Structures are given as C-alpha cells and as structure tokens.
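Small disclaimer: the values here were computed from a predicted structure and weren't measured.
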Amino acid sequence: AGHLPPVLIEGETGTGKTAIARWIHRNGPRADEPLIELNCSALPESLAEAELFGHERGAFTDAKAARIGLMEAADGGSLFLDELPSLALALQAKLLTAIEDHTLRRVGASRTVPVDARIIAAANADLGTLAAAGRFREDLLHRLDLFRVRLPPLRERGEDIIALAEELLARVCRRYGLKTPAIPSEGKRRLLAHRWPGNVRELAHEMERGVVFGGERGLTFPHL
C-alpha cells in the first residue's frame, strides 16, 4: 500500500481511542496485515527502547538472543502507540527517525533495517501544550500531525449520550442473552446530567451494572 501517513488520535481517557485505532486499521489498505498495539505508559523506561526497536544478542545482560521489536513486528501493517507522551524524549527522537527514514536500529546493532509500519498514535492530553512545556518533541508532533482525530469527551456530546447508552446497553444484553430493556426517562435525565469523567468506558460499565443489578429498575441510575 506504499508508505501511509501517521494518524494522531487525541482524547481523554475512556473516549474510545483504541477502538478508533482498530477501526482505522481494519478499514484501511493494510487490513490483512498485523496491527500491533503498545501502551507506552505500561513500559518501564529501561525496557522501552528494546521493546519498540528490538535488540541484538548480548546488547544487555538478559539479551541471550536477538529479538525483533514491536515496530518490526508491525512491518507492512500498523503500530498503535497508546499514551505516546509517556515515551522518554530520547526515544521520541528515535521514533521520529524511524518514521522519517523507514528504518530502525535495534539496541546493540551497528546497522539499520528497513521497516514500514503505519503509525497510529494516541494521547490523552493536548500534544501542542505538552510540546510547549518541553514534555513532548515538537518535531515529532509536526511529523505525526498530518491526520488528527479529536474524540470529544462524553460531557460535550449532549443527546449523543443517550444513543451511545442504548447501543452499549444492547451489546451488554446480547452478551448475556437478555432482551434489551428501555431506559426510562428518569434514567435518561441522570445520564445527561452526569459529568462522565471516565467517558465511554464509564458509560459502558454503568450499562452493565444496570443490567446485572436489576433490569429496568437498575436503569434509573439512582447513584449518579
């Protein structure tokens, strides 16, 4: 499919960034190739470089054999980097080089290897603000910021909240083999008034809780 431009997804925690990344991959020209996912915040800084770029045998104490990194594993497909600002600045620089040159250097290697992974990156904070504060590389931001998708928080989505709640409720009921109950007006009023700090993820948990703890009565959400 040739080199595909990166995609940047911005949105608060729980707004559905991973779901959108998977949708972009599934509906793109690389749908038959792998989608590799990495949550950058879950990686200790000491392991992040080897995890992302791979390492040669003997590159560090435990490196008993050479190993490819996730970027090489995504060659020909897509690499989804969630919570990208968690990567150390030095690693952001190495990522930028890999994106621009379509090559990478494994830890402990002297030569580069070609790699063509489409980068889909996600951040739960505004990268422009982080770059201005020196916490994110401005050159990497400019490289990533070709196609930006901003996912609004649930509290900004007005009546959409009800449509989303009904869809999530139907999914939960299908999973449990139940008939989907209607959300009563009292429940809808509470859904619209709530601030949803956990966004769509919180709403999904609320629907499941409502179904598990009492059918229609549970869907008035008295604790919200």
Considering residues, nucleotides and ligands other than [X], do more than 12 of their heavy atoms fall under 6.0 Å from its [atom1]?
| X | atom1 | result |
| --- | --- | --- |
| Glu100 | CD | yes |
| Arg195 | CZ | no |
| Asp32 | CG | no |
| Arg135 | CZ | no |

Grab the two heavy atoms, one from [X] and one from [Y], that are nearest each other, plus how far apart they are.
| X | Y | result |
| --- | --- | --- |
| Pro85 | Leu127 | CG-CD2, 3.5 Å |
| Pro6 | Leu146 | CD-CD1, 3.8 Å |
| Cys173 | Thr180 | CB-OG1, 3.6 Å |
| Pro153 | Thr15 | CA-CG2, 4.0 Å |
| Leu4 | Pro29 | CD1-CG, 3.7 Å |

Joint cluster assignment, [X] & [Y], ILVMFWY side-chain distance < 4.5 Å:
| X | Y | value |
| --- | --- | --- |
| Met71 | Val113 | yes |
| Leu35 | Ile24 | yes |
| Ile20 | Leu8 | no |
| Leu219 | Val172 | yes |
| Leu130 | Leu144 | yes |

Expected output: side-chain [X] to main-chain [Y] donor-acceptor under 3.5 Å:
| X | Y | answer |
| --- | --- | --- |
| Trp196 | Arg201 | no |
| Asp145 | Leu141 | no |
| Arg118 | Pro5 | yes |
| His25 | Ile120 | no |

inquiry  = Quick test of your reading: applying salt bridge (Lys or Arg N to Asp or Glu O under 4.0 Å), list the pairs with at least one residue in residues 67-76, sequence neighbours left out, ordered by first then second residue.
reply    =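 Salt bridge (Lys or Arg N to Asp or Glu O under 4.0 Å) check on residues 67-76 returns Glu51-Arg67, Glu72-Arg106.
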Check residues 157-170 and write down every donor-acceptor pair under 3.5 Å in which the side-chain atom is one partner and the other belongs to a residue at least two apart or another chain.
{"unit_1": "Glu167", "atom_1": "OE2", "unit_2": "Arg171", "atom_2": "NE", "d": "3.0"}

Within this structure, what is the [atom1]-[atom2] distance for the pair [X] and [Y], rounded to the nearest 0.5 Å?
| X | Y | atom1 | atom2 | value |
| --- | --- | --- | --- | --- |
| Leu81 | Cys40 | CG | SG | 5.0 Å |
| Ile183 | Thr220 | CD1 | OG1 | 11.0 Å |
| Glu83 | Leu38 | CD | CG | 10.5 Å |
| Phe213 | Glu208 | CZ | CD | 9.5 Å |
| Leu79 | Ile36 | CG | CD1 | 7.5 Å |

request  = Go through the steps for Phe53 and Ile68 under the test side chain to side chain contact (heavy atoms under 4.5 Å, CB included), then give the verdict.
outcome  = CA-CA 7 Å; Phe53 299 109; Ile68 70 165; over 6 Å; no
Apply salt bridge (Lys or Arg N to Asp or Glu O under 4.0 Å) to [X] and list each qualifying residue two or more places apart in sequence or on a separate chain.
| X | result |
| --- | --- |
| Glu138 | none |
| Arg22 | Glu37 |
| Glu186 | Arg190 |
| Arg111 | none |

message = Suppose we screen for side chain to side chain contact (heavy atoms under 4.5 Å, CB included). Which residues come up paired with Pro44, at least two apart in sequence or across chains?
response =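 Side chain to side chain contact (heavy atoms under 4.5 Å, CB included) check on Pro44 returns Ser46, Leu47.
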query = Can you name the residues that form a side chain to side chain contact (heavy atoms under 4.5 Å, CB included) with Asp82, not counting sequence neighbours?
reply = Lys17, Thr18, Asn39, Phe80, Ala122
For residues 89-99, please give each side-chain donor-acceptor pair under 3.5 Å, one per line with the distance, not counting sequence neighbours.
{"unit_1": "Gln92", "atom_1": "OE1", "unit_2": "Arg137", "atom_2": "N", "d": "2.9"}
{"unit_1": "Gln92", "atom_1": "NE2", "unit_2": "Leu87", "atom_2": "O", "d": "2.9"}
{"unit_1": "Lys94", "atom_1": "NZ", "unit_2": "Glu49", "atom_2": "OE2", "d": "2.6"}
{"unit_1": "Lys94", "atom_1": "NZ", "unit_2": "Arg105", "atom_2": "O", "d": "3.0"}
{"unit_1": "Thr97", "atom_1": "OG1", "unit_2": "Ala93", "atom_2": "O", "d": "3.1"}

request  = Only counting residues at least two apart or in another chain, list the ones meeting side chain to side chain donor-acceptor pair (under 3.5 Å) with Thr129.
outcome  = Asp126
request  = Would you please name every residue forming a side chain to side chain donor-acceptor pair (under 3.5 Å) with His194, sequence neighbours left out?
outcome  = Glu202
ask   = Can you list the steps and then say if Val7 with Arg148 is a side chain to side chain contact (heavy atoms under 4.5 Å, CB included)?
value = CA-CA 6 Å; Val7 177; Arg148 186 193 298 214; over 6 Å; no
inquiry  = Going by ring pair (Phe, Tyr, Trp, His ring centres under 6.0 Å), name the residues that satisfy it together with His205, two or more places apart in sequence or in a different chain.
reply    = none
inquiry  = Is the shortest side-chain heavy-atom distance between Lys188 and Phe221 below 4.5 Å?
reply    = no
ask   = Side chains of Leu84 and Phe136: closer than 4.5 Å at any heavy-atom pair?
value = yes
inquiry  = Pair Asn199, Glu12 - check side chain to side chain donor-acceptor pair (under 3.5 Å), show working.
reply    = CA-CA 8 Å; Asn199 292 296; Glu12 291 179 9; 3.2 Å; yes
request  = Start with the C-alpha gap between Thr112 and Leu104, add the side-chain angles, then the distance that decides, and say whether side chain to side chain contact (heavy atoms under 4.5 Å, CB included) holds.
outcome  = CA-CA 5 Å; Thr112 59; Leu104 60 81; over 6 Å; no
